[in-house]
There are 2 protein chains.
Amino acid sequence: MPVELRPLQALTLWHRVTLDLVREDGQDRAFDLSARQLAILLTIYLEPPPHTVRGLASKLRVTKPVITRALDTMGRLDLVARRRDDADRRNVVIQRTVKGALAVERLGDLIVAHASALPR
Amino acid sequence: MPVELRPLQALTLWHRVTLDLVREDGQDRAFDLSARQLAILLTIYLEPPPHTVRGLASKLRVTKPVITRALDTMGRLDLVARRRDDADRRNVVIQRTVKGALAVERLGDLIVAHASALPR
DNA sequence: GTCAATCGTTTCGGTTCCGTATTATTTCGG
DNA sequence: CCGAAATAATACGGAACCGAAACGATTGAC
């Protein structure tokens with residue numbers, strides 16, 4: 001079953017989820033992320049590894065420092081981790097964390113909940 | 001028909017739409033918005049007017065300067081407009097613009113397109 | 001062994017955003 | 001009237017982010 005969604009439903013869904021994210025920022029800062037940071041986080045947790053700075057920059061069409069800085073911030077929040085690649089020590093491999101996985105899972109549940117409560 | 005969406009589908013949808021928004025930033029800066037700004041924009045265009053600074057601050061649970069600054073930014077981008085309320089001149093009424101309506105409509109279409117292309 | 005290429009990080013100057021506190025304007029109760 | 005309350009905007013110091021450029025470490029071609 002392909003997901004059927006009309007424009008007003010789509011916008012309503014986006015609106016309600018975004019409102020929740022904005023509101024809950026404060027208690028749990030996991031989703032006080034910029035659009036870029038969120039795109040990076042979801043790429044890391046939804047696409048098959050390995051993920052590198054260069055690969056993420058290319059996929060998102062942003063410069064490498066943007067990725068580095070986003071990883072700094074999300075690393076501080078324990079949402080992702082970095083590790084040198086032993087095979088090629090120029091590379092940095094981005095790794096998932098328990099906290100990051102939980103945050104992504106929570107986002108998924110939040111979207112699902114709002115989707116099921118959407119007006120028809 | 002309530003919208004049925006499983007967690008992985010929901011996250012995939014969010015991921016793909018966010019990726020598009022991040023990528024297209026540059027040519028059209030309409031969606032180079034923070035989560036807060038997007039929440040404000042969608043509230044203005046999806047909920048019945050009138051909208052005031054105070055009302056938006058209360059709904060989003062943020063301080064008023066956050067709303068004022070967001071309106072400054074989005075006003076510069078022509079996504080919203082401000083007008084003094086003649087009935088009570090302390091109030092500022094936030095108005096929709098053609099450009100803002102088009103941007104919101106485009107976001108809706110983007111979400112719908114990605115939803116229909118979702119893996120089952 | 002050397003040197004160009006690659007990779008991630010850091011630096012730089014500038015811009016934007018934040019939260020708190022303060023301000024100017026307007027309304028309203030008495 | 002006049003002072004209290006309400007509203008939006010502004011001031012301020014600090015933090016985060018940006019793009020471009022420069023940098024150090026590592027690799028690989030020759």
Expected output: side-chain Lys64(A) to main-chain Val53(A) donor-acceptor under 3.5 Å: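 Looks like no, no N/O pair under 3.5 Å.
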When you measure from the side chain of Arg36(B) to the backbone N and O of Val22(A), does any donor-acceptor pair fall under 3.5 Å?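 No, the answer is negative, given that no donor and acceptor are paired below the 3.5 Å cut-off.
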Separation of [N] [atom2] from [X] [atom1] (nearest whole Å):
X: Asp85(B); N: dT7(D); atom1: CG; atom2: P; result: 12 Å
X: Leu33(A); N: dA16(D); atom1: CG; atom2: C1'; result: 13 Å
X: Asn91(A); N: dG28(D); atom1: CG; atom2: P; result: 10 Å
X: Lys64(A); N: dT11(C); atom1: NZ; atom2: P; result: 16 Å

Output yes when at least one side-chain N/O atom of [X] is less than 4.0 Å from OP1 or OP2 of [N], else no.
X: Arg89(A); N: dT6(C); result: no
X: Arg90(B); N: dA6(D); result: no
X: Thr68(A); N: dT9(C); result: yes
X: Gln37(B); N: dT16(C); result: no
X: Arg36(B); N: dG19(C); result: yes

At 4.0 Å (heavy atoms only), tell me whether [X] reaches a base, stays on the sugar-phosphate, or touches nothing.
X: Ser34(B); answer: nothing
X: Thr73(B); answer: sugar-phosphate
X: Thr63(A); answer: sugar-phosphate

Ignoring hydrogens, what is the shortest heavy-atom contact between Ala39(B) and Leu60(B)? Give both atom names and the distance.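 Heavy atoms of Ala39(B) and Leu60(B) come nearest at CB-CD2, 3.9 Å.
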If the test is side-chain hydrogen bond (donor to acceptor under 3.5 Å, both in side chains), which one of Asp109(B), Thr12(B), Asp20(B) qualifies with His114(B)?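 Output: one option passes, namely Asp20(B).
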Taking dT27(C), dA8(D), dA21(C) as options, the one with an atom nearest any side-chain atom of Pro65(B) is dA21(C)
Assign each of Arg76(A) and Arg84(B) to its nearest nucleotide of DNA chain D by heavy atoms, then name whichever residue's nucleotide is nearer the 5' end. Arg84(B)
Nearest-nucleotide 5' precedence on DNA chain D, Arg69(A) against Asp88(A):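 The answer here is Arg69(A).
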Ile40(B) side chain near Val80(B) side chain, heavy-atom distance below 4.5 Å: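 In short, these two side chains do not touch, never coming nearer than 4.5 Å.
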